[in-house]
Asker: 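I'd like to ask some things about the structure below.
Nothing fancy with the numbering, it's 1 onward along the sequence.
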Amino acid sequence: MKQSKFPKGWDEERVHRVLAHYEKQTEEEALAEDEAAYEDRTQTTIDVPVELVPAVRELIAKHQTSHHSKTTADNSG
């Protein structure tokens, strides 16, 4: 049997929890969740050419790392 490979921070249990969440969600709950995501003014959704996805992911990871480091430094004093 092929071993499943999960993204960092994920495991089989987490996958099952996420699947269970969406499988039990009503259509109204799903719509409310989608609408809430679009109302979040701290993020946006864009179309990115597939060949640029790795570069975009790298930029996001760098941003998250630098933002986390800055937040940690700001809270340490």
Asker: Side-chain donor-acceptor contacts of residues 12-19 below 3.5 Å, not counting sequence neighbours, with atom names and distances?
Answerer:
| from | atom 1 | to | atom 2 | distance (Å) |
| --- | --- | --- | --- | --- |
| Glu12 | OE2 | His16 | NE2 | 3.4 |
| Glu13 | OE2 | Arg17 | NH1 | 3.2 |
| Arg14 | NH1 | Gly9 | O | 3.2 |

Asker: Sequence neighbours excluded and cut-off under 3.5 Å, please list the side-chain donor-acceptor pairs for residues 41-57, or say none.
Answerer:
| from | atom 1 | to | atom 2 | distance (Å) |
| --- | --- | --- | --- | --- |
| Thr42 | OG1 | Asp40 | OD1 | 2.6 |
| Thr42 | OG1 | Asp40 | OD2 | 3.3 |

Asker: Identify all side-chain donor-acceptor contacts of residues 26-33 below 3.5 Å with residues at least two apart in sequence or on another chain.
Answerer:
| from | atom 1 | to | atom 2 | distance (Å) |
| --- | --- | --- | --- | --- |
| Thr26 | OG1 | Glu29 | N | 3.0 |
| Thr26 | OG1 | Glu29 | OE1 | 3.4 |
| Glu29 | OE1 | Thr26 | N | 2.8 |
| Glu33 | OE1 | Tyr22 | OH | 3.4 |
| Glu33 | OE1 | Gln25 | NE2 | 3.4 |
| Glu33 | OE2 | His21 | NE2 | 3.4 |

Asker: Using the side-chain contact (heavy atoms from CB on, under 4.5 Å) definition, which of the options Lys62, His63, Gln64 pairs with Ile60?
Answerer: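 Among the candidates, only Gln64 passes.
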